[in-house]
Every structure is written in structure tokens, then in C-alpha cells.
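One structure is given here, and the rest of the page talks about it.
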Amino acid sequence: MKIAVAGTGYVGLSLSVLLSQHNEVKAVDVIKEKVDMINNHISPIKDEYIEKYLKEKKLNLVATLDGESAYKDADFVIISTPTNYDPKLNFFDTHFVEQVIELVLKVNPDAIMIIKSTIPVGYTKSINEKYHTHNILFSPEFLRESKALYDNLYPSRIVVGIPSKEEYLVKSAHKFASLLQEGAIEENIPTLFMNTTEAEAVKLFANTYLALRVAYFNELDTYAESKGLSTKSIIDGVCLDPRIGTQYNNPSFGYGGYCLPKDTKQLKANFANVPENLISAIVASNSTRKDFIAEEVLKKAGFYGKDDNLGDGGIPGKKVIIGVYRLTMKSNSDNFRQSSIQGVMKRIRAKGADIVIYEPTLDENEFFGNKVIKDFSEFKEMSNAIIANRYDKSLDDVKDKVYTRDLFGRD
């Protein structure tokens, strides 16, 4: 099969690698550096399995800037372009998705398109109607950052949404699912077929449940911290119940990353005119958690407000500096889009404290007006308190300065 993949982020590149084991795949991106890296068997994103497969496997994969040539002879076009949440519109920004659809319809109107980007519930149905086609399917992805290819090789399930029951669409959906199964190592993968709107709902409700888990254990931690109790003891006791389990139970500064913040907000928006309390509470809880963390960090540093600006045990005039250890959302990641620690930083800055950042993946000397310190020893020395969403043993020598809620040493 000839397959084109629009977008080479975690979703697009992992699918390109997976499918190019047995098919001819052209990966399309607008960034020349990424295209060149892929064609030189170098992964532009941090993912151990993608890096390994690009170097060691014989893949029929070519990356290109020329979408028109990639789409014109493709049997399937997978759309995995970014869909950032627009807070003004309360809706995902889907214009990159539509740019691809318009180009495909221009050069290859018979191609079957599969949207992998996360989109609002009902979007695929509306976009098929808008462009007077039935050839757009939706298949949600369930991938973890930095483990995207692994999660395609060992998927928990495959879900394909079909816009209508026309025979050729049903066959195309089953064929696409079989391609994903063929590329995977896991066998007997649960595979579900449903209409596109139901498939879109699966994606948003799944991610919102994960956000709920994170928010729940963060609120448990906030309670325990406020009452002087051991969070770990309580979590250990709660999670031994097999109905609850130990996944997603490590406290943090809030859920972050590219998916959970925008997916929860989009689902909340989709609930317009539908009674709900829980979805709104999940979104609000994440903001409340960051407020709490910021206050606790400032207390640890001895900072009591803009006016008195006290530090080092309350010495007047001593400027308080809060060190931020890593901007990344979690360990083994080079991505800090929408990381929860950035929300904490904004709150700390608003109170009037200074911030310095240690982030070795950043080449810049500043990040949103905050100084980036390259020398780790200097960073530790100058910081009155250090916040770390995920702890690292390199901080052991300044452990008394560190504020973290990482109780289990894992994501």
C-alpha cells in the first residue's frame, strides 16, 4: 500500500515508522530540518523505539516537504497535524487538518483520509459534509510521549470511526486497521469499529479520565500536605484496592503536556447544553493545584509578598530566587509544551519572586523573560528554593532546598 502521513510529531512519525515496515510511506512536514533528519535516519523527537527503528530497521520511508506529490498517488492519507486548543473559541484549532484535506481533495479525491489528530466530538461528520465527501475517517491515538512507537507496537486497542455504512468505507476502515495490526508486535489486539463521532468521544473521554486520576491524587496530596499527613501512606492504602490500582497515582504539579489540558477543555466545551459537574471540576482542579504548589514553594523560600520581599528566614531586602529544575513534563522527555511547571512559574512571577531555570535542552538564555542558567552548580547555589515536578538524584546535595511532590520516583 502507498501511504502518506501529514505531520511528523509523536503521532505522525511513530505511524510512519510502524507502517513503513510493510508499506511505502511518505512522511510530510513543513520543517526542512525535520525532513532532513528523518531521511538521514535520525529521529527529530526523543523516542527510544523510533530512534532504534530508524537506525536499524529496513524501512520504506521517505520524508518530504512536497505534500502534493506525496498525496497524489496515496491509497491512505493519515492526518496527524497539530490541533491546539483556542481558549477564545473554546475549540480546537483545526485549520492545519483542513489544509491537508483541501490539498488531498485537489490532487487525489479518491484517497481515503484518516484523521489521527485530536479533534472535537462531531468534527469528522461536519468536515465530510463541508467538503461534500465521505472519504474522511477518524482513528484516535492512545500514545504516551517518548513511548509513541512502543505504544503502536503494543497497542491497548485500535479504534476506527467510519462516517457511513457504505461498503467501500467499511472495507477501507478494516483495511486500515489491518495495516496497524500488521505493523504491531502485539497480537490479538482489541479492534473496534464505530461511527466517527463515537470514536472522537472515545479519545476525549479516555484522556479526561486520565486527567481525573491525576487531579484526584493531586487533591489527595494537597489535603495531606495541608493537614500534615503522609501522602504516600494514604496513597499506598488506597491503591491496594484492586479496583483502584497504582497507575497514575504519583502526585505532581498538575496534569500537563500536549494532550490532557486541551482535551479536557475541549470535552468541557462539547458539554455545552448537556448537564455536567465532573468535567468542569477536573479542569478547575488543575488550576487550583498550581495555585497551591506556588504558595507552598514561596513559603519554602521565605517569600511573603511583593511589598516586604523577604527571604532567607525573613531578612528584609533579600531578593528571593526560585530555581526551576527542568521544564519538561516528565522524565525521559524533551518536550515541555504546556508542562504544568510553567503554570506554577507564572503564579510565582505574579507574586513578585524571581525565577531562574535549569533546562539543558534549551539553547536560549531566556525563557519567557526568565533567565536560563547553563551551569548546574551555579543554578543550585543561587536558588533559595528549587521546584522539581520530577525529582532527580543530581539534586541530592541540595535536597533541603527542593520542593517536589514526586513521591514514587516515576511518572
Side-chain angles (χ1 to χ4, degrees), residues 10-11 46-48 85 118 140-148 150-152 154-157 159 186 190 201-225 229-268 277-290 292-293 326-333 335-344 387-392 403-411:
Y10 285 98
V11 177
K46 189 171 183 178
D47 186 300
E48 179 184 352
Y85 184 79
T118 305
E141 52 82 14
F142 307 100
L143 310 178
R144 292 170 295 172
E145 185 181 300
S146 79
K147 296 182 182 295
Y150 180 91
D151 289 340
N152 269 316
Y154 299 92
S156 58
R157 72 280 209 196
V159 176
E186 185 72 45
V202 167
K203 170 65 175 178
L204 292 188
F205 275 99
N207 271 358
T208 301
Y209 178 78
L210 297 179
L212 167 65
R213 289 274 308 197
V214 175
Y216 176 85
F217 285 104
N218 280 342
E219 289 208 356
L220 185 160
D221 179 57
T222 296
Y223 179 85
E225 276 272 276
L229 306 174
S230 167
T231 298
K232 187 176 184 301
S233 295
I234 298 171
I235 289 177
D236 285 343
V238 167
C239 291
L240 283 173
D241 187 325
R243 296 168 299 178
I244 297 173
T246 59
Q247 69 276 11
Y248 273 70
N249 69 348
N250 192 18
S252 66
F253 294 168
Y255 60 78
Y258 186 58
C259 291
L260 297 192
K262 70 185 183 104
D263 290 5
T264 51
K265 291 174 183 176
Q266 178 61 67
L267 185 59
K268 178 185 173 184
N277 297 108
L278 184 59
I279 308 303
S280 295
I282 294 167
V283 175
S285 174
N286 207 41
S287 180
T288 301
R289 175 63 170 178
K290 293 171 188 175
F292 174 79
I293 294 295
R326 306 301 307 272
L327 295 168
T328 49
M329 186 182 69
K330 55 185 180 180
S331 56
N332 299 316
S333 172
N335 180 29
F336 42 83
R337 292 179 299 181
Q338 302 297 317
S339 60
S340 57
I341 203 166
Q342 293 184 58
V344 176
I387 54 176
N389 189 44
R390 289 296 175 249
Y391 189 80
D392 187 87
Y403 184 88
T404 184
R405 302 310 306 146
D406 182 10
L407 303 182
F408 295 98
R410 57 174 167 79
D411 293 316

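Hydrogens, waters and symmetry mates play no part in the numbers below; they use all other heavy atoms, side chains included.
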* To do: Apply the test side-chain contact (heavy atoms from CB on, under 4.5 Å) to residues F253 and Y403: give CA-CA distance (whole Å), side-chain angles for both, the deciding distance (0.1 Å), then the verdict.
  => CA-CA 10 Å; F253 294 168; Y403 184 88; 4.2 Å; yes
* Any S340 side-chain heavy atom under 4.5 Å of I293 side chain -> no
* Do Y223 and L229 touch side chain to side chain, with heavy atoms closer than 4.5 Å? -> yes
* Asked: Looking at Y10 and A148, what are the two nearest heavy atoms and their distance?
  -> O-CB, 3.6 Å
* Asked: With distance as the sole test, does K203 use its side chain to make a donor-acceptor pair with the main-chain N or O of E141 at under 3.5 Å?
  -> yes
* Asked: If you take all heavy atoms of S280 and K268, which pair is closest and at what distance?
  -> OG-CE, 3.5 Å
* Kindly give the heavy-atom pair with the smallest separation between A224 and I234, and that separation in Å. => CB-CD1, 4.1 Å
* Determine, step by step, whether K232 and D236 satisfy the side-chain contact (heavy atoms from CB on, under 4.5 Å) criterion, reporting the C-alpha distance in whole Å, the side-chain angles of both residues, the deciding distance to 0.1 Å, and the verdict. => CA-CA 6 Å; K232 187 176 184 301; D236 285 343; 3.0 Å; yes
* Asked: Would F205 and Y209 count as a ring-ring contact (aromatic ring centres under 6.0 Å, His included) if you check the C-alpha gap in whole Å, the side-chain angles of each, and the deciding distance to 0.1 Å?
  -> CA-CA 6 Å; F205 275 99; Y209 178 78; over 10 Å; no
* Quick check: are there more than 12 heavy atoms from other residues, nucleotides or ligands sitting under 6.0 Å from CZ of F142? -> yes
* Would you confirm whether R289, through its side chain, and A215, through its main-chain N or O, come within 3.5 Å as a donor-acceptor pair? => no
* Asked: What's the spacing between T246 OG1 and F408 CZ if we round to 0.5 Å?
  -> 8.5 Å
* Given R405, which of N250, D221, T222 fulfils the side chain to side chain donor-acceptor pair (under 3.5 Å) condition? -> D221
* Considering all heavy atoms of both residues, which atom of D263 and which atom of T208 are nearest to each other, and what is their separation? -> O-OG1, 4.1 Å
* Structure fact -> For S252 and R390, the nearest pair of non-hydrogen atoms, with its separation, is CB-NH2, 3.6 Å
* Heavy-atom side-chain proximity of E48 to Y150 below 4.5 angstrom -> no
* To do: Output the distance between atom NZ (K290) and atom CD (Q342), rounded to the nearest 0.5 Å.
  => 9.0 Å
* About how many Å separate OH of Y216 and CD1 of I244, when rounded to the nearest 0.5 Å? -> 6.0 Å
* Asked: Do D406 and N389 have side-chain N/O donor and acceptor atoms under 3.5 Å apart?
  -> no
* To do: Would you give the length of the straight line joining atom CD1 of I387 to atom CD1 of I341, rounded to the nearest 0.5 angstrom?
  => 4.0 Å
* Asked: What distance separates T231 OG1 from L220 CG, expressed to the nearest 0.5 Å?
  -> 6.5 Å
* Decide yes or no for I282 and Y255: does some side-chain heavy atom of the first lie under 4.5 Å from some side-chain heavy atom of the second? => yes
* Mind listing the closest non-hydrogen atom pair of N286 and G254 along with its distance? => OD1-CA, 3.2 Å
